[in-house]
Amino acid sequence: MTQPVPGFAQSRYPNKKIGNMEYQFRSIEKKWQKHWQDNHAYRVSNISDKPKCYVLDMFPYPSGAGLHVGHPLGYIASDIYSRFKRLKGFNVLHPMGYDAFGLPAEQYAIEHGVHPAVSTKQNIDNFRKQLDNIGFCYDWEREVRTCEPNYYKWTQWIFLQLFNSFYNRTLQKAQPISELIAAFETAGNAAYPMPDSSFHTASFSAAEWAGFDETTKQAILMEYRLAYCGEGEVNWCEALGTVLANDEVVNGVSERGGHPVVKKKLRQWYLRITEYADRLQNDLQKLEWSDAMKEMQTNWIGKSSGAEIDFVVSTSPQPLSKGEGQKEPGYFTSTPDKWKALIDYAKANRKNPTAAESALWAVLRNRQLNGWKFRRQHPVAGYISDFVCLDAKLIVEVDGGYHSEAEQQSFDALRTEWLNEHGYTMLRFSNEEVLEQIDTVKSRIEEVLGTPSPLEREKEGEVVLRVYTTRPDTIFGVDFMVVAPEHEVVAKITTAEQKTAVEQYLDYVNSRSERERMAEKKITGCFTGAYAINPFSGRAIPIWISEYVLAGYGTGAIMAVPCGDERDHKFAQHFNIPITNIIGDAYNGQEANPTKDAVLENSDFLNGMVMRKAIDVVIDKLEALGIGTRKTNYRMRDAAFSRQRYWGEPFPIVWVGNTAYALPESELPLLLPEVDSYSPGPEGQGPLANIPEWTDRQLETNTMPGYAGSSWYFLRYMDPGNDAAFASRQATDYWNQVDVYIGGTEHAVGHLLYSRMWTKALYDLGHLSFDEPFKKLVNQGMIQGSSRFVYRKRGTNVFVSAGLKDQYETDALHADVNFVDGYELDIEAFKKWRNGEYANAEFILEDGKYLCGAEVEKMSKSKFNTVNPDMLVDKYGADTFRMYEMFLGPIEQSKPWDTKGIEGVHRFLKKFWRLFFDEQKGSVWNNDAPTDVEYKSLHKAIKKIEEDTERFSFNTAVSAFMICVNELSDLKCNKRAILEPLCILMTPYAPHIAEELWHALGNAGSVLDAAFPVFEPKYLVESSKEYPVSINGKVRTSLSFALDADQATVEAGVLANEVVQKWLEGKPPKKIIYVKGKMINVVI
RNA sequence: GCCCUGGUGGUGGAAUUGGUAGACACGCAGGACUUAAAAUCCUGUUCGCCGAAAAGCGAGUGCGGGUUCAAGUCCCGCCUGGGGCACCA
């Protein structure tokens, strides 16, 4: 721990007049910073009998622009909290490091040829210098940098953990993939449904698994891995030869240069975070995060429950309903007018399946037979078949089922004709066969089915449109369907007449980014010419495409219910689609009503039912009919985990043909190789694709994204030097969760979700004893810049003062805030700016001054509104700077920076100093016994500051300091018994001045390790209170009563008061409200 | 567009649970000390009305409604600033 400074054992300032005793903040701060560093005052041990406390700042990216005053806000807050906890007797871990991989360094490398490692190191050195200036208590021996091999070795190691794991849905946890393989070998994948059910080999037996070749096996395993490789769309800019971030694409062209950007499919790695969706959502309740933050994560995960419903597609609205003999398209399984009648038959029957039917269904359902989809009691050509696989044109009948004479006869002719024409096969089994020899039956069916290829399945058979809806209760209010423009079904269903219109629309959509599409207010869309058949009413519903439906969410298709959904309603109005009202008076014809509590009308079997209840009724019915399933959906998608960049962690993956294999752990770290050029490889691949030695080894050429390193850095701080593990179990057990995590809301979903997922995965795999990384989260607001503008007359070098700018045609230009005083421009400084670019500028002044315009914007170098903390620390000292940042306002609130108020905080510190020292007389503190008033002032401060610091209300704590120092100054109190505890109280906020004065009082050890003063309530006890007395809620006077005064005493006192009497005008009051300790209100 | 969040004097903000709106600062005005300046100290400072002053009256927490003895705080509807929306980190 901290050693005493030589010569400081006794008071450095004896009680005698010494020359200049003013507050020399800079020399004091430098002295103590050096002392603390030399004595390792901030070194933290992993072994301690004190309770632990882990206080963490969000990982900074060391940008080349350096720190501006916005950055340290959270760091100061966490620093104060850490120091406070240390005084309260905790072993506090408070580390700092750098998220050092990232795009800006790579961009800088491309433009200037400087290796990212070099520029990153420079930036870090600069960052560090600036941080040190402010006097933070980080244990720098624990610093980590994500770009260093001894760090990213473990990033790669964790990646391999994820790659070599799958999510066991039954146990709801990650497990080694070896266990999955073992399960496949013994029982196939029946117990482990594939996360992506549309994968071509969705189910297989143990025997089938054994028969698969290595490539197939690996392809199947890839479908399960928590880190997996697939294909994804990126913003590809041919002209720049690179992949662009969403925010680098504006209006379909690149932000830099305005080149066209198109979607391109590339190999991408993903994290299967969707498997964790439920746990990520449920475990939020364990966390002390703001409700807003939990809400944001919940919305991002976007869990919703509803149903997937299959609609049969038709390309003409009313086939066969008018002209007899009209030819049915090949994918028709029924016709709208007959459908309803058939459904009615089916309904009754499906509820009461025979034992044989149930047994067979158990074998056929859920695409169990090589992925073939079966339906039961499904209408085919005006006839209800027991089971049908439409894709394979196979009908399976079980004798003893429902076949009335009348029905047989009425549909027989049509059925025979249709079946012949369309090449259907029919298999018939007896009840006994099914019940007693189910395996034989199964293999017969399999024989006929063969192995389907996706091509075959699409070649003929029906087209089914599957939609996802959270409101199946509104099924009778569906007036149109909307399909995502990129949905694969679009090409299949678009009619010849609509082909041109659809293609034009697709061109339009392709030029737009996902964000633009979601933000679009104007309504766009295009009719495909096809119709979906409502399975209950048989109604033909037009199918549209529109950009507001995204392919990635749900099934990429929705059923639109205009009377209940605002967006659907606007769409219907815009395209003149008639609106069906299913909720009677609850729909006013003008705007949609999304209620769930209306009573349904126009809804067949749902009529009279409350919507909320109808949801389940409809889903049950859909499931019974085999045309829909209950479905939980998540808005969250798997996290894209690869970048086509150089400056990131290489993947420890080798490719053998099309199969990815993990490098053995012994080959970690896989070092990032040197490159000559940072420009992208061929076909949008990363720069690593340009290195022959790399590609010769068949190594993965993508690199990991920025969030790879930052998803686990909080673990590394616990044991940063460990080269046998990412951190020892002993260290992670001891430090456990981060107790307080401070950072901005901009990380609300990305970083905070990924870190939670990684922690959970490591926990599942037995590497950690906790499954949530950050127990408490404090969100700091953003410090904005207050920009200043000058107005240049267009095409000239003449600048017009803000008040006169409307008289001219002008362009607003950012002026550097550092040479604007308030709004007045320092013209001479401006002329020298930017190498004299404006040296010859002329100015049109108002009242002899040039006034600037102002606007609040993000603080950024490009807007010339940054303020450098170094400058302020230099002028006022680190302690003043720290306290001023806290004094600005609540930590979680965003506010524009204004340097002006800093003087007030500086004056306060000087005033504090003067309680100890007089400029002329030297030391003035004494050992006199304090009075009760002085104790009261101190203990009021102890109470307030302790409470406020604990709840992160630093601005009010600073003001409590000011109040206390003002009171002590007024009392002329220079008593050591008061000042010494005040010094300790001040330590977290202004450590340098506190340490200096602590030693000045003759203390030997460091104030950093002093004990936080104990609040004693006895000094604050009052016997009476001055009550505000209101008449009808308006304060008119005040009266003093004993604190334990009862209602009668108070009423008597109040009524005797002349102000009250004046307002009463002789009448008795209606009521007198007396809230003990608060107020009195007289109601007249 | 969707999600989150904020709006209180000239300025930053305070009011922790519905109970004296404007604490603490900045700025401004006036004064003391000084040859002067800096520093420091004192007084005033929500707005309007009345008044020499004291006192008093009215309005007032983005806008419009509502609940309550009492609303910055709770409810409904609007306006508006900021953050996020999956490759910035």
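Proteins come first, then strands; the chains are lettered A, B, ... in the order of their sequence lines, and each starts at number 1.
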Base-pairing string, 5' to 3', of RNA chain B - Watson-Crick or wobble, under 3.5 Å, | interstrand: (((((((..(((......[....)))((((((.......))))))((((......))))..(((((..]....))))))))))))....
Whole-Å [atom1] distance, [N] and [M]:
{"N": "B:U80", "M": "B:U8", "atom1": "C1'", "answer": "16 Å"}
{"N": "B:A38", "M": "B:G27", "atom1": "P", "answer": "13 Å"}
{"N": "B:C42", "M": "B:G64", "atom1": "P", "answer": "41 Å"}
{"N": "B:U68", "M": "B:G13", "atom1": "C1'", "answer": "29 Å"}
{"N": "B:U61", "M": "B:U20", "atom1": "C1'", "answer": "15 Å"}
{"N": "B:U40", "M": "B:G22", "atom1": "C1'", "answer": "27 Å"}
{"N": "B:A37", "M": "B:C47", "atom1": "C1'", "answer": "37 Å"}
{"N": "B:U34", "M": "B:C57", "atom1": "C1'", "answer": "45 Å"}

Touch check for [X], heavy atoms < 4.0 angstrom, all strands: base, sugar-phosphate only, or nothing?
{"X": "A:Q784", "answer": "sugar-phosphate"}
{"X": "A:M58", "answer": "nothing"}
{"X": "A:Q780", "answer": "nothing"}
{"X": "A:P896", "answer": "nothing"}

Considering all heavy atoms, the nearest [X]-[Y] contact:
{"X": "A:L280", "Y": "A:L284", "answer": "O-CG, 3.4 Å"}
{"X": "A:Y989", "Y": "A:L985", "answer": "CD1-O, 4.2 Å"}
{"X": "A:Y270", "Y": "A:G232", "answer": "OH-CA, 3.0 Å"}

Any side-chain heavy atom of [X] sitting closer than 4.5 Å to one from [Y]?
{"X": "A:I891", "Y": "A:M886", "answer": "yes"}
{"X": "A:S642", "Y": "A:M704", "answer": "no"}
{"X": "A:F25", "Y": "A:T880", "answer": "no"}

Test side-chain contact (heavy atoms from CB on, under 4.5 Å) applied to A:Y1027 and A:S1040, step by step: CA-CA 6 Å; A:Y1027 280 93; A:S1040 187; over 6 Å; no
Contact letters for nucleotides 15-30 of chain B, in which S counts primed atoms plus P, OP1 and OP2 and B counts the base, heavy atoms under 4.0 Å: SB--BBS-BBSSS---
Anti versus syn assignment for B:G83, with syn defined as within 90° of 0: anti
Sequence-distant partners of A:E947, side-chain hydrogen bond (donor to acceptor under 3.5 Å, both in side chains), two or more places apart: A:K943
Which residues share a side-chain hydrogen bond (donor to acceptor under 3.5 Å, both in side chains) with A:Y884, sequence neighbours left out: none
Selected nucleotide, minimal atom distance to A:P104 side chain, candidates B:C88, B:G12, B:G84: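 Nearest to the side-chain atoms of A:P104, counting from C-beta on, is B:C88.
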Nearest-neighbour nucleotide for the A:W300 side chain, B:C85, B:C69, B:C42 considered: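 Of the options given, the side chain of A:W300 lies nearest B:C85.
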When the distance from [atom1] of [X] to [atom2] of [N] is rounded to whole Å, what number comes out?
{"X": "A:I301", "N": "B:A86", "atom1": "CD1", "atom2": "P", "result": "17 Å"}
{"X": "A:I783", "N": "B:G82", "atom1": "CD1", "atom2": "C1'", "result": "14 Å"}
{"X": "A:W913", "N": "B:A39", "atom1": "CH2", "atom2": "C1'", "result": "16 Å"}
{"X": "A:F59", "N": "B:C88", "atom1": "CZ", "atom2": "P", "result": "19 Å"}
{"X": "A:M859", "N": "B:G83", "atom1": "CE", "atom2": "P", "result": "13 Å"}
{"X": "A:L550", "N": "B:G1", "atom1": "CG", "atom2": "P", "result": "16 Å"}
{"X": "A:K264", "N": "B:C87", "atom1": "NZ", "atom2": "P", "result": "18 Å"}
{"X": "A:L271", "N": "B:C87", "atom1": "CG", "atom2": "C1'", "result": "14 Å"}

Distance below 4.0 Å between A:R643 side-chain N/O and B:C87 OP1 or OP2: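 Result: yes.
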A:V144: which of A:F59, A:F714, A:Y98 passes side-chain contact (heavy atoms from CB on, under 4.5 Å): A:F59
Parallel, tilted or perpendicular: ring planes of A:F954 versus A:F952, cut at 30 and 60 degrees: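 Perpendicular.
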Parallel, tilted or perpendicular: ring planes of A:W647 versus A:F101, cut at 30 and 60 degrees: perpendicular
All N/O pairs under 3.5 Å across the protein-nucleotides 4-9 of chain B interface:
| unit_1 | atom_1 | unit_2 | atom_2 | d |
| --- | --- | --- | --- | --- |
| B:C4 | OP1 | A:E295 | OE2 | 2.3 |

Closest-nucleotide 5' rank along RNA chain B - winner of A:G889 and A:A640: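 Nearest nucleotide further toward 5': that of A:G889.
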Heavy atoms from other residues, nucleotides or ligands near NZ of A:K265 exceed 12 (cutoff 6.0 Å): no
A:E22 and A:K910 ion-paired at < 4.0 Å: no
Tabulate protein N/O versus nucleotide N/O from nucleotides 57-61 of chain B, keeping only pairs under 3.5 Å, one per line.
| unit_1 | atom_1 | unit_2 | atom_2 | d |
| --- | --- | --- | --- | --- |
| B:G58 | OP2 | A:R1036 | NH1 | 3.0 |
| B:G58 | OP2 | A:R1036 | NH2 | 3.4 |

Aromatic A:W289 / basic A:R756 pairing, under 6.0 angstrom, 45° off normal: yes
A:E903 side chain to A:Y876 side chain, donor-acceptor N/O pair below 3.5 angstrom: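 Per modelled atom types, A:E903 and A:Y876 side chains form a pair under 3.5 Å.
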